[in-house]
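Encoded as structure tokens, the structure appears first; notes follow it.
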Amino acid sequence: MRFFGAENLGIAFGGVRAVDGVSFELRRGEVYTIIGPNGAGKTTIFNLIGLIYPATTGRILFQGRELTGMKPHRVAELGIARTFQNIELFEHATVLQNLLIGRHRHRCTALWQELAFTPAVRRAERAQREAVERVIDFLELAHYRDSLVAGLPYGVRKVIELGRALATEPQLLLLDEPSSGLNPEETNDMAFWIEDIQKGLGITVLMVEHDMSLVQRVSDRVLALNEGRVIAEGTPAEVQSHPAVIEAYLGSKEEA
Amino acid sequence: MRFLFKTDYGQDLRLFKHRGQVFWYAVLAVVLLAAPWWASEYMMTQLHFIGIYSIVGLGLMLLVGFTGQISLGHAAFLAVGAYTEALLAAAGWPFWLTLPCAALLSAAVGVVVGLPALRLKGIYLAIATLAFGVIAEEILARWESLTGGNSGLHVKPIELFGARLEGDAGFYYLVLGLTAACCVALANLLRSPTGRAFVAIRDSEISAACMGVNLARTKTLSFALSAALTGIGGALYAHKVSFISPEQFTLLVSIELVTIVILGGVGSLHGAVLGAAFIIVLPQLIAIAKDYLPAGVAGAAGLQSTVFGLVLIAFIVFEPMGLYGRWLKVRTWFELFPFYRKGMFRRQKTYMKSERVR
Ligand SMILES: Nc1ncnc2c1ncn2[C@@H]1O[C@H](COP(=O)(O)OP(=O)(O)OP(=O)(O)O)[C@@H](O)[C@H]1O
Ligand SMILES: [Mg+2]
């Protein structure tokens with residue numbers, strides 16, 4: 001069975017065709033990166049997969065199921081988690097609470113039990129906490145566990161967002177520019193984590209990224225996008241040296 | 001200064017984080033349980049109202065403070081609770097049946113009113129709920145065969161297990177017990193997955209959805225629970241005042257209820273209770289102050305509303321964390337003395353947020 005496939009995805013905002021007939025497939029366990037200049041439609045693809053926007057054309061298949069037409073929360077329940085380009089954390093909650101919300105799809109208690117906080121809820125909460133602590137250990141977030149998110153440095157927030165996505169125990173992880181705004185040291189950590197997530201946890205990663213050295217380092221395959229259309233696909237080296245990609249980034253010869 | 005050493009995940013699941021808290025809550029419980037012995041008749045009445053408004057405040061706090069959905073129509077839920085209680089009690093139903101009915105019916109109305117919240121946000125939701133409140137008030141006045149219209153309804157005293165609940169003390173313990181139960185139930189909910197989902201919706205709907213929170217279901221649930229609590233408050237209110245009519249459930253009352261949440265401190269259960277106490281005590285303070293004010297000011301119509309408005313504005317501008325936030329600051333000051341820094345509670349600027357996906 002195919003792990004994940006996007007077929008002929010398309011959406012238009014007013015007259016702008018932000019994504020136009022994009023198709024690609026993911027193999028289980030790989031790191032697949034989408035690159036492209038600003039405004040190419042990369043984030044929009046993520047929003048289409050997350051069903052934040054309804055696709056005008058095409059469909060998305062995940063483990064034999066068609067996502068198109070479902071409600072956004074179903075996507076998470078099926079095992080797809082994501083991070084956001086502009087960090088969307090729960091600002092007025094602690095880091096621990098943020099990660100616990102990641103466990104939402106694994107909840108198993110009913111409302112009346114929660115109102116009374118029965119022993120079953122206590123047991124479930126303990127189990128959730130243990131799962132979250134594994135993520136905290138993995139991403140070295142112990143120091144920030146009880147701090148409010150509002151007020152933490154940018155680099156830490158990026159890691160928390162990654163942690164929240166990992167806490168859902170996804171099968172597919174979407175990362176929107178995981179290294180943007182990070183310093184070289186933090187970027188290096190991020191690269192290690194992405195490698196670990198792929199090799200250690202066996203999670204398939206779909207990533208949008210501008211930092212080409214990071215892309216080279218972690219990606220198995222790369223898709224290049226320009227103005228909503230696919231212009232190249234292949235190994236990182238192939239895509240980077242593809243004439244259409246170079247042209248998209250540097251502008252066409254006539255303009256230069 | 002207190003340091004908490006955590007050695008077990010269970011510690012974070014407890015309602016009381018340390019011995020000191022247990023002690024102070026026990027003291028509070030004893031003082032409140034002994035109220036019939038130390039409080040005058042007048043103070044007992046105040047305590048009744050504080051309890052009732054606390055329950056309502058908790059309901060609204062859940063919706064506004066924890067789920068981030070505004071409602072300017074909560075007086076209508078109060079009315080649904082009050083009229084249900086009055087009518088069923090008149091029909092001879094016992095209190096242990098009428099109260100759940102009042103709560104359930106309010107919750108059902110809450111679900112319906114919550115429907116626009118699935119599409120509307122902020123000011124638009126405020127307008128939608130406001131309209132609902134006005135419509136409800138109108139229905140109460142026009143549906144004379146059921147509600148008695150503008151001439152109102154008399155409410156029979158509470159009947160509990162065949163006996164009449166008479167006197168201040170009995171009613172007081174009933175209100176106190178229900179208030180405490182509501183506090184504990186909400187505190188429990190907020191440390192469980194559903195409570196976290198509420199907070200997630202408040203802080204970022206889009207990432208809540210991406211974490212698997214069913215937005216429609218969760219928002220509706222919040223409206224239903226909030227309305228149910230308000231309905232319970234309404235039922236108790238009906239018995240307390242023993243006469244209800246549409247003008248007790250106007251838009252102004254809805255605004256007063258929102259004031260509880262804002263004065264108390266958005267996003268804290270303590271705040272709901274503190275806010276309720278404040279809103280009951282403030283008119284008394286104004287009445288006392290009147291004796292010392294020049295006759296022109298003291299006799300002016302609308303003095304009370306003016307003071308209410310000014311207090312509300314002052315809180316929004318100077319103390320957005322409300323009374324509970326103020327208390328936290330005072331406590332921190334004492335704990336850290338002499339090391340308290342001025343900027344400690346200053347709110348941090350948040351980073352640019354994505355506007356595209358709203
Ligand atoms: N909600 C929206 N309404 C209107 N236009 C939109 C919306 N979302 C995206 N667009 C447009 O779609 C195009 C693609 O945007 P997108 O955010 O996907 O770019 P991107 O590849 O992620 O760029 P960047 O590298 O800057 O993040 C842009 O022209 C953008 O203006
Ligand atoms: Mg983008």
Side-chain angles (χ1 to χ4, degrees), chain A residues 43-44 47 50-53 71-77 80-93 96-98 100-109 111 113-117 121-122 124-126 128-130 133 146 148-152 154 157 161 164-165 167-168 181, chain B residues 4 6 8-15 65-66 68 181-182 184-218 221 224-225 266-267 321 345-358:
Chain A
T43 302
T44 308
N47 285 334
L51 304 182
I52 307 291
Y53 302 141
K71 292 256 182 253
H73 69 268
R74 288 287 298 145
V75 177
E77 283 171 0
I80 301 180
R82 74 176 282 190
T83 65
F84 295 85
Q85 187 171 352
N86 297 313
I87 305 187
E88 285 277 345
L89 284 168
F90 308 116
E91 294 284 327
H92 306 285
L96 183 62
Q97 285 167 330
N98 267 271
L100 280 170
I101 292 170
R103 302 295 302 166
H104 193 77
R105 80 181 182 105
H106 300 281
R107 74 195 182 286
C108 54
T109 45
L111 181 66
Q113 292 176 309
E114 294 178 1
L115 285 170
F117 214 74
V121 179
R122 195 174 292 273
E125 283 298 290
R126 229 173 222 283
Q128 308 289 34
R129 176 70 188 270
E130 274 159 23
E133 287 296 331
D146 290 321
L148 278 187
V149 169
L152 287 179
Y154 188 84
R157 290 155 164 256
E161 234 198 2
R164 188 180 61 180
T168 68
Chain B
L4 282 182
K6 297 187 182 166
D8 180 11
Y9 297 151
Q11 266 172 294
D12 278 342
L13 294 176
R14 286 186 199 146
L15 266 188
F66 289 100
C182 291
V184 173
L186 280 194
N188 282 342
L189 192 65
L190 289 171
R191 53 183 176 149
S192 314
T194 309
R196 284 197 293 269
F198 289 153
V199 172
I201 288 184
R202 177 191 70 187
D203 283 1
S204 167
E205 284 195 13
I206 173 160
S207 50
C210 291
M211 292 293 119
V213 175
N214 183 342
L215 292 184
R217 224 187 123 250
T218 312
L221 180 66
L225 284 174
V266 176
M321 284 159 77
F345 278 86
R346 197 169 44 217
R347 287 199 288 183
Q348 303 276 344
K349 278 215 179 76
T350 45
Y351 292 88
M352 184 189 71
K353 284 204 141 198
S354 152
E355 293 296 332
R356 284 179 190 165
V357 272
R358 288 272 146 99

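A note on names: the letters A, B, ... follow the listed sequences, proteins ahead of strands, and every chain is numbered from 1. We use all heavy atoms of the structure for the numbers below, so side chains are in, but hydrogens, waters and symmetry mates are not.
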Report task. Inspect the contact between B/Arg196 and A/Glu114 and indicate whether a charged nitrogen and a carboxylate oxygen are less than 4.0 angstrom apart. Result -> no

Query raised in the report: So which of B/Val199, B/Leu215, B/Leu186, B/Val213 has the largest heavy-atom pair count under 4.5 angstrom toward chain A?
Result: B/Val213

Query raised in the report: Can you check whether A/Glu91 reaches A/Arg157 side chain to side chain, under 4.5 Å on heavy atoms?
Result: yes

Query raised in the report: What part of A/Val121 lies closer than 4.5 angstrom to a heavy atom of chain B: side chain, backbone, both or neither?
Result: side chain

Query raised in the report: Are any non-hydrogen side-chain atoms of B/Thr218 and B/Ile201 less than 4.5 angstrom apart?
Result: yes

Query raised in the report: Where does A/Arg164 contact chain B at under 4.5 Å (heavy atoms): side chain, backbone, both or neither?
Result: both

Query raised in the report: Where on B/Arg202 is there a heavy atom nearer than 4.5 Å to chain A: the side chain, the backbone, both, or neither?
Result: side chain

Report summary line: Max heavy-atom pairs within cutoff under 4.5 Å with chain A, candidates B/Gly267, B/Ser192, B/Gly195, B/Ala216, goes to B/Ser192

Query raised in the report: Which bit of B/Leu221 is near chain A, if near means a heavy-atom gap under 4.5 Å: side chain, backbone, both or neither?
Result: side chain

Report task. Verify side chain to side chain contact (heavy atoms under 4.5 Å, CB included) between A/Glu161 and A/Leu89, making sure each step is shown before the conclusion. Result -> CA-CA 7 Å; A/Glu161 234 198 2; A/Leu89 284 168; 3.7 Å; yes

Query - Spacing of A/Arg126 atom CZ and A/Glu133 atom CD [to the nearest 0.5 Å] - result: 12.0 Å

Query raised in the report: If you measure from CZ on A/Phe84 to SG on B/Cys210, what distance do you get to the nearest 0.5 Å?
Result: 4.0 Å

Query raised in the report: Can you tell me if A/Thr168 uses its side chain to pair, donor with acceptor, with the backbone of A/Ala81 under 3.5 Å?
Result: no

Requested in this report: Counting only heavy atoms closer than 4.5 Å, note whether A/Leu148 contacts chain B via side chain, backbone, both or neither.
Outcome: neither

Query - Partner chain B: residue of A/Ile80, A/Leu100, A/Leu51 with the largest heavy-atom pair count (under 4.5 Å) - result: A/Leu100

Requested in this report: Give, as side chain, backbone, both or neither, the part of A/Asp146 having an atom under 4.5 angstrom from any heavy atom of chain B.
Outcome: side chain

